[in-house]
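We count residues from 1, following the sequence as given.
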Amino acid sequence: IAIWLFFMRRMSGGGAGAGGGGQIFSIGKSKAKLFDKDTKVKTTFANVAGLEGAKEEVQEIVDFLKNPEKYTALGGKIPKGALLVGPPGTGKTLLAKAVAGEAKAPFFSLSGSDFVEMFVGVGASRVRDLFKQAKEKSPSIIFIDEIDAIGRARGKSNFSGSNDERENTLNQLLTEMDGFGSNTNVIVLAATNRADVLDKALMRAGRFDRQIYVDLPDIRERKEIFEVHLKPLKKAKDLDTDFLSKQTPGFSGADIANVCNEAALIAARNNKKAVEKQDFLDAVDRIIGGLEKKNKIITPEEKKAVAFHEAGHATVSWMLEHAAPLVKVTIVPRGRSLGAAWYLPEERLIVRPEQMLDEMCAALGGRAAEKVIFDKISTGALSDLEKVTKQARAMVTVYGLSDKVGNLTYYDSSGQNEYGFTKPYSEQTAELIDKEISDIIEEQYQRAITLLEKNKDKLIELAEVLLKDEVIFKDNLETIFGKRPFDVKKESTQENTKEEEE
Ligand code: ADP
Ligand code: ZN
């Protein structure tokens, strides 16, 4: 009883007292982090590397905030919102901050998931409060990260009541954006990596009517991002940023920032005076595959299987014109994988079927090598098979690249139709699709086997180097196979074009 009384006291006391009261009343207040004159946003466009197109588009927003009269004088309406769309870590938040920094405007930042919490009705009042604060400080910028947390298409998913709260929040956001006139001078920027799931109402004129795409950086942009993040580091004099950007295909800006920091830590751990190339390479490896696990227990038998598997990938991709050229192969276990091959993918905008097929053949080269050498296959090819199956399915059902199924696609860019159990094609077509997918894969597997059987001695030689050194580079491949015939061809055509110019 005493304990029960104690808790009753505490609860009622807390509820009536200042502490509890404050808590209750603050529920409807927005949790936006405010950066304004006192907590100055120091980020400017100089901090954002690459992203030329996106920077140009947001430059206009900076202009709107700085001299709204210039635009409204002619009767134009200033846009109220822009949506930054792109994968995580590509610099969307950074860009929004830079807009605030350039316009010297206060910046309210919060995440979509902050709106939606367990108390019903909180989301809507937080939105109201946020807009009220932003208007008081106008010109200002509101930045909503992960807007998909509130902005998913309404009335589409599940039966539980939990969506009501999200819908109320979304409705309030739409109301606020419609409510403020274009002279309010508050611009809402929102970020998402899934523009396709957003409610179409958000994209209507007068709301987020601009979409700015922020993509993963290409090789040249990666170099610029490296330069930004290398500035604060004490680096070796001969550090080659071209090389670093070549080694990091598919990395986002955030990954690159991470590489730079990790490299500095690795160098410090080894008591170096400056950060060197090798530190960056180690940092890249670490970020790609988790920490090296040199002491992971692996039987010699397994190691041999992994070596031949990886050598198989390397050999096949060396022999095929369109497969991505290899940079490095290792059989040092990292993270969950036992071996890995790094390629240098070309950055292509359109992909031809022969390129897809060559890549699939190279991906099947691992299993094919196991078959050719040991006449046994293993579970080690799981991720290769996953990749190949997805690619074959996409060829047939998305890109319309299969002769038998034809020039059609079952892809739906609106994302509004999720087919679940009902497929948009007949049973007959389903069978045809399955057959095509399996035929494509089988054909590439046989092609890989034939290639490897023809080059069996070289495959063995390569696997032996791999077993000895645990890692091989392009140079090793060149000593075993000679120069790639296609590279020779490319070089000579380059020379030809040069001659023509002269
Ligand atoms: P997003 O909001 O797209 O997930 P962020 O803007 O939060 O990504 O990026 C995270 C970090 O990555 C930034 O703080 C910055 O250090 C780095 N970064 C990302 N993109 C770039 C870029 N284009 N230029 C320079 N740094 C970048
Ligand atoms: Zn493999």
Side-chain angles (χ1 to χ4, degrees), residues 32-37 39-67 79 81-111 139-147 186-195 208 210-233 235 239 241-242 244-264 280 283 287 347:
K33 263 186 273 159
L34 170 64
F35 304 85
D36 65 0
K37 287 188 275 317
T39 52
K40 268 223 175 74
V41 189
K42 292 197 191 77
T43 313
T44 65
F45 286 148
N47 300 103
V48 187
L51 302 180
E52 255 92 61
K55 265 199 266 186
E56 211 163 276
E57 292 198 53
V58 295
Q59 175 63 48
E60 213 179 2
I61 296 177
V62 175
D63 262 5
F64 291 147
L65 287 166
K66 272 184 162 166
N67 346 292
L83 199 58
L84 301 166
V85 185
T90 44
K92 299 181 292 296
T93 312
L94 190 68
L95 199 59
K97 257 195 195 155
V99 170
E102 294 277 337
K104 302 203 167 53
F107 179 74
F108 293 85
S109 156
L110 83 176
S111 162
S140 60
I141 288 183
I142 294 177
F143 176 66
I144 306 175
D145 202 0
E146 296 173 39
I147 193 166
V186 175
I187 288 186
V188 189
L189 296 176
T192 180
N193 51 0
R194 308 243 9 222
F208 293 102
R210 289 175 184 227
Q211 292 191 21
I212 300 171
Y213 287 89
V214 180
D215 272 325
L216 287 175
D218 63 23
I219 187 161
R220 191 181 44 82
E221 292 173 312
R222 288 200 299 275
K223 183 177 164 165
E224 290 175 27
I225 299 175
F226 262 114
E227 270 152 14
V228 168
H229 291 280
L230 285 175
K231 224 170 263 163
L233 302 190
K235 53 198 173 289
L239 192 68
T241 44
D242 282 313
L244 292 177
S245 52
K246 262 188 211 147
Q247 293 295 318
T248 46
F251 277 45
S252 70
D255 296 331
I256 291 175
N258 210 348
V259 167
C260 292
N261 190 52
E262 192 70 34
F280 284 97
I287 283 160
E347 317 215 4

- Query: Taking all non-hydrogen atoms of both residues, which atom of Pro79 and which atom of Arg210 are closest, and how far apart?
  - Reply: CG-NE, 3.7 Å
- Item | Sidechain-backbone polar pair: Asp63 side chain, Glu60 backbone, donor-acceptor under 3.5 Å | no
- Item | Verdict with supporting geometry, Gln59 and Lys55, side chain to side chain contact (heavy atoms under 4.5 Å, CB included) | CA-CA 6 Å; Gln59 175 63 48; Lys55 265 199 266 186; over 6 Å; no
- Query: What distance separates Ile256 CD1 from Glu227 CD, expressed to the nearest 0.5 Å?
  - Reply: 11.0 Å
- Return the minimal non-hydrogen interatomic distance between Phe208 and Val188, and the atom names on each side. CE2-O, 3.6 Å
- Side-chain (Lys92) to main-chain (Val214) donor-acceptor, under 3.5 angstrom: no
- Message: Tell me if a side-chain donor or acceptor on Glu102 pairs with a main-chain N or O of Phe45 at a distance below 3.5 Å.
- Response: yes
- Query: How many angstroms lie between CG in Leu83 and CD1 in Ile147, if you round to the nearest 0.5 Å?
  - Reply: 6.5 Å
- Considering non-hydrogen atoms only, spot the tightest contact between Ala191 and Asp145 and give its length. CB-OD1, 3.6 Å
- Note on the structure: Correct closest heavy-atom pair for Asn258 and Ile287 would be C-CD1, 3.8 Å
- Query: So do the side chains of Leu189 and Leu95 get within less than 4.5 Å of each other, counting heavy atoms only?
  - Reply: no
- Message: So Phe107 and Thr43, do their side chains get closer than 4.5 Å, heavy atoms only?
- Response: no
- Item | Considering all heavy atoms, the nearest Ala283-Ala263 contact | CB-N, 3.7 Å
- Query: Between CZ of Phe280 and OG1 of Thr241, what distance do you get to the nearest 0.5 Å?
  - Reply: 10.0 Å
- Query: Per the side chain to side chain contact (heavy atoms under 4.5 Å, CB included) rule, which among Pro106, Pro139, Ser140 passes with Val186?
  - Reply: Ser140
- Item | Candidates Leu239, Ile225, Val259 - the one meeting side chain to side chain contact (heavy atoms under 4.5 Å, CB included) with Leu244 | Leu239
- Message: Give me the atom names and distance for the closest heavy-atom approach of Leu51 to Glu221.
- Response: N-OE2, 3.1 Å
- To the nearest 0.5 Å, atom CZ of Phe108 lies from atom CD1 of Ile142 at 7.0 Å
- Item | Straight-line distance of Cys260 SG to Lys231 NZ, nearest 0.5 Å | 12.0 Å
